Amino acid sequence: MNIILLGPPGAGKGTQARILEESFSMKQLSTGDMLRASKKSGTELGKKVAQVMEKGDLVTDDIVIGLIAEELELRTKIKGFIFDGFPRTLAQADALSDLLVQKGKTLSVVIEMKVDDEALIRRVVGRFNCKECGEVYHKDNNPPKQSNICDNCNSENSFFHRADDNEESFKNRLMAYYRDTSPLIGYYHAKGTLVSTDGLMDIETTHGNICQILGV
Ligand code: AMP
């Protein structure tokens, strides 16, 4: 089963992808995480994308398509992928479709996570991550059990606030979503693969709704 989680920044795609990955033997492919990893490693690619990401603009299609192509090439044993934050443009959607055909895979469903803009900004501004394992927390909705220890990997003092999780970058990211990514809703609807779900519910309820869509 290969699925796409589609939605604006802060819709909860990453959180849901991680839960799905843990619950079923699937692999989350987050282009945002891959780009952050290359930024951290200080590679040429990392330097190139760092400023673009901090401003909240989209990284070029060739870069992100290359990252996904590489993962699909390497991870031949994986039975199901969760595409999180990819595709974000029509060109990326076409490229993914070609890549899946080349690998003899099909796209099972595209799950659109709907959340209104006011809720998104509250979520993004209160969000923080564990730098060791990437676990996502929110100061009000999903705090760690102990304030400085990651529930997932037990790392101490590993929490950080993403550079682009601030109001100004968020506005750009939301703009990029409406301009470049939201046309994918019509694209996948026309292909008959789109199902929408309410992303405003709490984490467990949303997970339950996604499982229902997936029939698992
Ligand atoms: P995310 O972690 O998915 O919110 O992505 C963080 C940032 O990485 C985005 O605001 C973009 O700058 C960049 N990015 C992630 N995925 C893509 C993509 N598929 N296409 C273009 N840029 C991306």
Side-chain angles (χ1 to χ4, degrees), residues 2-21 27-41 43 45-72 81-100 107 110-113 115 117 119-131 133-138 159-185 187-188 199:
N2 300 297
I3 68 171
I4 293 174
L5 296 181
L6 184 66
K13 304 183 296 294
T15 302
Q16 293 301 327
R18 288 174 155 271
I19 304 176
L20 287 171
E21 192 178 46
K27 174 76 191 150
Q28 173 194 22
L29 290 184
S30 156
T31 39
D33 285 349
M34 293 173 205
L35 292 167
R36 276 184 290 279
S38 61
K39 193 175 132 184
K40 206 167 142 189
S41 65
T43 57
L45 171 67
K47 287 180 204 151
K48 211 164 142 185
V49 300
Q51 283 185 327
V52 179
M53 290 174 76
E54 259 164 57
K55 275 203 293 181
D57 293 335
L58 289 187
V59 171
T60 55
D61 288 335
D62 56 332
I63 291 178
V64 286
I65 292 167
L67 290 172
I68 290 288
E70 210 173 304
E71 290 288 330
L72 294 182
F81 290 103
I82 308 157
F83 295 97
D84 158 16
F86 180 91
R88 263 174 153 101
T89 64
L90 289 167
Q92 292 177 25
D94 282 336
L96 178 61
S97 165
D98 292 345
L99 283 169
L100 291 174
L107 184 61
V110 178
I111 302 179
E112 183 207 0
M113 300 178 64
V115 182
D117 294 356
L120 289 174
I121 199 151
R122 277 197 305 277
R123 279 188 181 182
V124 164
V125 172
R127 166 163 94 165
F128 57 95
N129 300 63
C130 170
K131 71 170 182 298
C133 70
E135 192 71 5
V136 189
Y137 296 95
H138 187 280
F159 295 140
F160 78 102
H161 195 73
R162 272 172 52 172
D164 59 350
D165 274 352
N166 61 69
E167 222 167 312
E168 203 189 315
S169 296
F170 177 77
K171 282 188 186 143
N172 267 341
R173 288 159 71 199
L174 197 58
M175 191 90 85
Y177 177 76
Y178 286 123
R179 188 187 55 225
D180 300 312
T181 311
S182 66
L184 297 183
I185 296 169
Y187 174 96
Y188 287 117

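By convention here, the first residue in the shown sequence is residue 1. Counting starts at 1 for both ligands and their atoms, following the listed order. In this text, all values refer to a predicted model and were calculated from it rather than measured experimentally.
At a heavy-atom cutoff of 4.0 Å, ligand 1 is surrounded by Thr31, Gly32, Leu35, Arg36, Met53, Asp57, Leu58, Val59, Val64, Gly85, Phe86, Arg88, Gln92, Arg162, Asp164, Arg173.
A salt bridge links Arg173 with Asp165: at least one charged nitrogen is closer than 4.0 Å to a carboxylate oxygen.
A side chain to side chain contact (heavy atoms under 4.5 Å, CB included) with Phe83 is found for one member of Ile3, Leu96, Leu6, Leu5 and no other, namely Leu96.
Annotation: salt bridge (Lys or Arg N to Asp or Glu O under 4.0 Å) contacts of Lys47 (sequence neighbours excluded): Glu44.
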Show your reasoning for whether side-chain contact (heavy atoms from CB on, under 4.5 Å) applies to Asn129 and Phe160. CA-CA 5 Å; Asn129 300 63; Phe160 78 102; 3.5 Å; yes
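Judged as a salt bridge (Lys or Arg N to Asp or Glu O under 4.0 Å), the pairs with a partner in residues 10-19 (not counting sequence neighbours) are, in order, Arg18-Glu135. Annotation: salt bridge (Lys or Arg N to Asp or Glu O under 4.0 Å) contacts involving residues 49-66, sequence neighbours excluded, comprise Lys39-Glu54, Lys55-Asp57.
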